[in-house]
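Worksheet: the structure to be examined is printed underneath.
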Amino acid sequence: VVHCLVLTDGFDCPPVSCIILARPTQSLGLFYQMAGRGLRPDDGKFNCIIIDHAGSVYQHGFIEDDRQWSLDPQERIEDRQSKSQREKAEPITCQECKFIYEGRPDCPKCGWQPVTQGKSFDFQEGELGRIERDGTLSAFRHTREEKERFFRELTYIQEQRGYKPGWTSYKYKERYGKWPRGFPSDPMPPGLETRSWIRKEAVKYARQQRAG
């Protein structure tokens with residue numbers, strides 16, 4: 001299930017055992033609510049896998065970490081954690097009448113309002129891994145069976161699209177850094193993961209060609 005700001009909180013489905021965090025958040029409470037969709041106990045459920053694409057764990061820590069909560073309604077835990085980082089908002093200078101104001105989005109004198117622009121984000125290619133307690137990232141390792149299946153799926157694509165026979169081995173080496181050895185060459189229809197990887201590599205190659 002893919003959603004945007006719909007099932008973040010107040011959604012209860014105990015069988016859910018995997019959460020993919022695709023957006024960052026400055027709020028520790030929201031971080032707990034998003035991950036909490038998969039923390040409900042259920043029969044036959046032993047754990048919950050959290051795939052954090054946004055890197056929220058680096059800011060908020062692990063879900064199971066002990067927290068020093070406060071009953072003061074005027075104090076948030078994020079405030080205590082980032083007091084040294086908070087800064088007073090700078091005054092705004094109206095671009096129309098040069099009046100200086102603060103505390104509101106529009107100029108109280110002439111009504112001018114600055115145009116807000118969305119932030120731009122840089123994306124970086126990477127591989128998923130397991131974050132250990134000491135902060136190190138352990139690379140995800142594919143089993144021989146998974147590599148064999150990937151090679152057979154590449155063979156299927158190579159035959160279907162009429163690529164040269166060596167295409168399969170080169171693509172395998174691009175992903176794993178080694179030439180394939182001892183794998184059966186009988187083709188297997190590719191799954192979504194392999195098709196997505198091929199599409200991603202094609203997009204990356206096209207960008208490199210345009211940049212060059």
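Just so it is clear, the structure is predicted and the values come from calculations on it, not from any experiment.
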Expected list for residues 180-190: side-chain donor-acceptor pairs under 3.5 angstrom, two or more places apart:
residue: Asp186; atom: OD2; partner: Arg152; partner atom: NH2; Å: 2.9

Quick one: does Glu159's side chain have a donor or acceptor within less than 3.5 Å of a partner on Tyr156's backbone? no
To the closest 0.5 Å, what do you measure between NZ (Lys171) and OH (Tyr163)? 8.0 Å
Looking at residues at least two apart in the chain, or sitting in another chain, which of them share a side chain to side chain donor-acceptor pair (under 3.5 Å) with Asp66? none
How would you list, by chain and number, every residue that makes a ring-ring contact (aromatic ring centres under 6.0 Å, His included) with Tyr176, sequence neighbours excluded? His142, Phe150, Tyr172
Connected via hydrophobic side-chain network under 4.5 Å: Val16 and Tyr32: yes
Of all residues at least two apart in sequence or in a different chain, which pass the ring-ring contact (aromatic ring centres under 6.0 Å, His included) check with Phe99? none
Side chain to side chain donor-acceptor pair (under 3.5 Å) with Asn47: which residues, sequence neighbours excluded? none
What residues form a salt bridge (Lys or Arg N to Asp or Glu O under 4.0 Å) with Asp42, not counting sequence neighbours? none
For Trp112, all residues meeting ring-ring contact (aromatic ring centres under 6.0 Å, His included), sequence neighbours excluded: none
Partners meeting salt bridge (Lys or Arg N to Asp or Glu O under 4.0 Å) with Glu193 (sequence neighbours left out): Arg175
With sequence neighbours excluded, tell me which residues meet salt bridge (Lys or Arg N to Asp or Glu O under 4.0 Å) with Asp43. none
Do you know which two heavy atoms are closest between Thr25 and Arg23, and how far apart they sit? CB-NH2, 3.8 Å
Excluding Val1, membership of its hydrophobic cluster (Ile, Leu, Val, Met, Phe, Trp, Tyr; side-chain heavy atoms within less than 4.5 Å) reads Val6, Leu7, Phe11
With sequence neighbours left out, the residues meeting salt bridge (Lys or Arg N to Asp or Glu O under 4.0 Å) with Glu145 are none
Given the rule that I, L, V, M, F, W and Y join up when any side-chain heavy atoms are under 4.5 Å apart, are Phe31 and Ile50 in one cluster? yes
Under the side chain to side chain donor-acceptor pair (under 3.5 Å) rule, collect the residues that match up with Thr194, sequence neighbours excluded. Glu153
